[in-house]
K.L.:
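Mind looking over this structure? Questions follow.
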Amino acid sequence: MDTKSPFSTVLITGASSGIGEAFAHVAAGEGHPLILVARGEAELHRVRGVVIARYAVPVSIIVHDLSVPGAGDALANELEARKLDVDIIINNAGFGLVGKASELSRQDQLKMIDLNVRSLADITLRFLPQMIAKGRGGVINVASTAAFMPGPNMAVYFASKAFVLSFTDALHEETRGTGVTFTTLSPGPVETGFQRRAGMKQARALSRLIPKTAMAVAQAGWAGFKEGERLVVPGTMNKITAYALRGAPRRMILPVIRRAMGAAKAK
Ligand SMILES: NC(=O)c1ccc[n+]([C@@H]2O[C@H](COP(=O)([O-])OP(=O)(O)OC[C@H]3O[C@@H](n4cnc5c(N)ncnc54)[C@H](OP(=O)(O)O)[C@@H]3O)[C@@H](O)[C@H]2O)c1
């Protein structure tokens, strides 16, 4: 069975809304059984109900806070207790906070690292040896166009996504020829619950150049993953912006990003 088999089970973190919920529809639409993880039980049940009704695939839900210490162990124990095997992982759960690092809560910023970085790395490292042993499977790690640049006024978030991109690029190369596939999905701004939690204006208000919906983002990420692509940046404008900012001298782009992220803060 290879990565593309419709019978491979897909574990999606942050599947109760936004891009993770869209991924649930995309993967279930191709017949994959799902394991959906998030903190919100009611929302997970809602997504599960809709997905089962539309696609008639098995859907398990695990209500879990991935930012707490020992989250990886607890998730693995739950999977084992319920005899749930995982073939494909979509590490999507994440959040951002807009504001100066000196003014945002230190605890909240560290929680962001626990979720966006630690939990993503933990889940990946936990399942990687068995994927390689089986010679199949794969991981989509959700980063952001923020991964390509430092982000004054959103410093920890941008840095956390830089980790995701670097880590996933490296594992894409390490797993070459093993049957296991690694893809980074780096979306630009798209309207989801992300902006509210981050204390940002809605994505639509930030730019006219971001037509992407959560569904379009998930479809692009899934298609790229199946093709074995290392990196997917959905949307031409997002690609141009990300690559231009990555290549530009930092002393030039830092004030630009500081102003952009300052303006993105909800009043
Ligand atoms: N929207 C954007 O503009 C944008 C752009 C680039 C990248 N991204 C990335 O895309 C990913 C998905 O975000 P989204 O836009 O879909 O935002 P979203 O609608 O807020 O979804 C975030 C998901 O993560 C879950 N989650 C949050 N904290 C969690 C925790 N501690 N433990 C387990 N699950 C947790 C949430 O569910 P619960 O709250 O129920 O736990 C929810 O299902 C994130 O990694 C984000 O950084 C988003």
Side-chain angles (χ1 to χ4, degrees), residues 11-26 34-48 61-72 74-75 78 89-98 107-108 110-120 122-123 140-149 151 154 156-165 168 184-207 209-218 220-221 232-235 238 241-242 260-261 264:
L11 180 143
I12 307 171
T13 70
S16 63
S17 68
I19 297 168
E21 178 177 356
F23 263 122
H25 284 265
V26 173
L34 304 180
I35 304 168
L36 309 179
V37 185
R39 295 169 305 170
E41 185 167 5
E43 285 305 294
L44 281 175
H45 277 290
R46 177 187 62 76
V47 175
R48 179 175 183 269
I61 59 176
I62 298 183
V63 180
H64 199 44
D65 184 342
L66 293 169
S67 69
V68 298
L75 176 64
E78 185 68 23
I89 296 165
I90 305 179
N91 278 312
N92 161 79
F95 75 99
L97 289 173
V98 74
Q107 291 306 337
D108 289 349
L110 293 176
K111 213 173 181 48
M112 208 188 318
I113 295 174
D114 288 337
L115 181 64
N116 298 8
V117 175
R118 192 175 201 288
S119 140
L120 175 143
D122 184 344
I123 293 171
I140 302 175
N141 283 332
V142 179
S144 163
T145 47
F148 296 98
M149 58 201 102
M154 217 171 174
V156 172
Y157 179 72
F158 277 55
S160 75
K161 294 303 185 179
F163 173 91
V164 175
L165 176 60
T168 313
T184 303
L185 171 62
S186 282
V190 54
E191 245 175 86
T192 63
F194 179 86
Q195 286 76 22
R196 191 173 10 87
R197 188 163 183 201
M200 296 173 87
K201 291 176 185 161
Q202 280 302 302
R204 217 179 283 285
L206 292 175
S207 164
L209 305 173
I210 46 168
K212 291 285 162 189
T213 59
M215 181 55 80
V217 167
V232 176
V233 182
N238 287 329
T241 309
M261 297 323 298

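The structure displayed is predicted, hence computed values, not measured ones. Note that ligands are numbered from 1 as they come in the structure, with each ligand's atoms numbered from 1 the same way. Throughout, residue positions are numbered sequentially from 1 according to the sequence presented.
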K.L.:
So, does S119 sit close enough to ligand 1 that a heavy atom of it is under 4.0 Å from the ligand?
P.N.:
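Under 4.0 Å: no for S119.
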
K.L.:
Side chains of F163 and S160, heavy atoms from C-beta outward: is any pair under 4.5 Å?
P.N.:
no

K.L.:
May I ask you to list the atoms of ligand 1 that are less than 4.0 angstrom from any heavy atom of Q195?
P.N.:
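Result: 1 (N), 2 (C), 3 (O).
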
K.L.:
List ligand 1 atoms under 4.0 Å from G18, heavy atoms only on the residue side.
P.N.:
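Those of ligand 1 that fall under 4.0 Å from G18 are 16 (O), 19 (O).
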
K.L.:
Taking the side chain as every heavy atom from C-beta outward, state whether P234 and L185 have any atom pair closer than 4.5 Å.
P.N.:
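Result yes, sub-4.5 Å side-chain heavy-atom pair found.
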
K.L.:
Which atoms of ligand 1 sit under 4.0 Å from any heavy atom of P189?
P.N.:
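In order of numbering, the contacting atoms are 3 (O).
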
K.L.:
Do the side chains of E21 and E43 get nearer than 4.5 Å, heavy atoms only?
P.N.:
no

K.L.:
Would you confirm whether N141, through its side chain, and L165, through its main-chain N or O, come within 3.5 Å as a donor-acceptor pair?
P.N.:
no

K.L.:
Could you tell me whether the side chain of P187 reaches within less than 4.5 Å of the side chain of N238, counting heavy atoms only?
P.N.:
no

K.L.:
Which atoms of ligand 1 are found less than 4.0 Å from any heavy atom of A15?
P.N.:
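Ligand 1 atoms under the 4.0 Å threshold to A15: 43 (O).
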
K.L.:
Say whether, by atom type as modelled, one donor and one acceptor occur between the side chain of Q195 and the main chain of V190 under 3.5 angstrom.
P.N.:
yes

K.L.:
Closer than 4.0 Å to some heavy atom of D65 - which atoms of ligand 1 meet that?
P.N.:
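The list of qualifying atoms is 30 (C), 31 (N), 32 (N).
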
K.L.:
Tell me, please: is A22 in heavy-atom contact with ligand 1, that is, under 4.0 Å?
P.N.:
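Distance cut 4.0 Å: A22 fails for ligand 1.
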
K.L.:
With backbone taken as N, CA, C and O and side chain as the heavy atoms from C-beta onward, which portion of A143 lies under 4.0 Å from ligand 1: side chain, backbone, both, or neither?
P.N.:
backbone

K.L.:
Distance-only, no hydrogens or angles: does the T213 side chain make a donor-acceptor pair with backbone N or O of A216 under 3.5 Å?
P.N.:
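Flag set: sc T213 to bb A216 pair under 3.5 Å.
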
K.L.:
Should you measure from each heavy atom of H64, which atoms of ligand 1 turn up under 4.0 Å away?
P.N.:
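Near H64, the atoms of ligand 1 are 32 (N), 33 (C).
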
K.L.:
Could you see which bit of L115 sits under 4.0 Å from ligand 1, with heavy atoms only: side chain, backbone, both or neither?
P.N.:
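L115 to ligand 1: side-chain contact only, backbone stays beyond 4.0 Å.
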
K.L.:
Does K111 offer a backbone N or O that forms a donor-acceptor pair with the side chain of S67 under 3.5 Å?
P.N.:
no

K.L.:
Which of the numbered atoms in ligand 1 are below 4.0 angstrom from a heavy atom of S16?
P.N.:
36 (C), 37 (O), 38 (P), 40 (O), 42 (C), 43 (O)

K.L.:
Closest approach of F23 and A218, non-hydrogen atoms and distance?
P.N.:
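Scanning both residues, the minimum pair turns out to be CE2-O, 3.4 Å.
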
K.L.:
What do we get for E43 next to ligand 1 when only non-hydrogen atoms under 4.0 Å count, side chain, backbone, both or neither?
P.N.:
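No part of E43 comes within reach of ligand 1.
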
K.L.:
Can you find an N or O of L66 that's nearer than 3.5 Å to an N or O of ligand 1?
P.N.:
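Yes; at least one N/O pair falls below 3.5 Å.
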
K.L.:
Are K161 and ligand 1 in contact, using a heavy-atom cut-off of under 4.0 Å?
P.N.:
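For ligand 1, residue contact (heavy atoms, under 4.0 Å) with K161 is present.
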
K.L.:
Atoms of ligand 1 less than 4.0 Å from V142 heavy atoms?
P.N.:
9 (C), 10 (O), 11 (C)

K.L.:
Could you work out, for atom 3 (O) of ligand 1, the closest of T192, V190, N238 by heavy-atom distance?
P.N.:
V190

K.L.:
Would you tell me which option among V37, D114, N91, N92 has the nearest heavy-atom contact to atom 12 (C) of ligand 1?
P.N.:
N92

K.L.:
Please report the shortest heavy-atom distance between F95 and M112, naming the atom on each side.
P.N.:
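Shortest heavy-atom contact: O-CG, 3.1 Å.
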
K.L.:
Can R197 be said to touch ligand 1, with heavy atoms closer than 4.0 Å?
P.N.:
yes

K.L.:
Spell out, as yes or no, whether a donor-acceptor pair under 3.5 Å connects the side chain of T13 to the backbone of N92.
P.N.:
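Yes, because the side chain of T13 sits within donor-acceptor range (under 3.5 Å) of the backbone of N92.
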
K.L.:
Test your reading of the structure: does G20 have an N or O sitting under 3.5 Å from an N or O of ligand 1?
P.N.:
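Between G20 and ligand 1 (N or O atoms, distance only) the closest approach is not under 3.5 Å.
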
K.L.:
Would you mind finding which of E41, R39, R196, E21 brings a heavy atom closest to atom 39 (O) of ligand 1?
P.N.:
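Ranked by closest heavy atom to atom 39 (O) of ligand 1, first place is R39.
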
K.L.:
Counting heavy atoms only, which of G193, G188, S144 comes nearest to atom 5 (C) of ligand 1?
P.N.:
G188

K.L.:
Any non-hydrogen atom of E191 lying under 4.0 Å from ligand 1?
P.N.:
no

K.L.:
A side-chain contact here means heavy atoms from C-beta on lying under 4.5 Å apart; do T241 and T145 qualify?
P.N.:
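A side-chain contact is absent here, since even the closest heavy-atom pair is not under 4.5 Å.
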
K.L.:
Considering all heavy atoms of both residues, which atom of A74 and which atom of H64 are nearest to each other, and what is their separation?
P.N.:
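Closest heavy-atom pair between A74 and H64: CB-CE1, 3.3 Å.
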
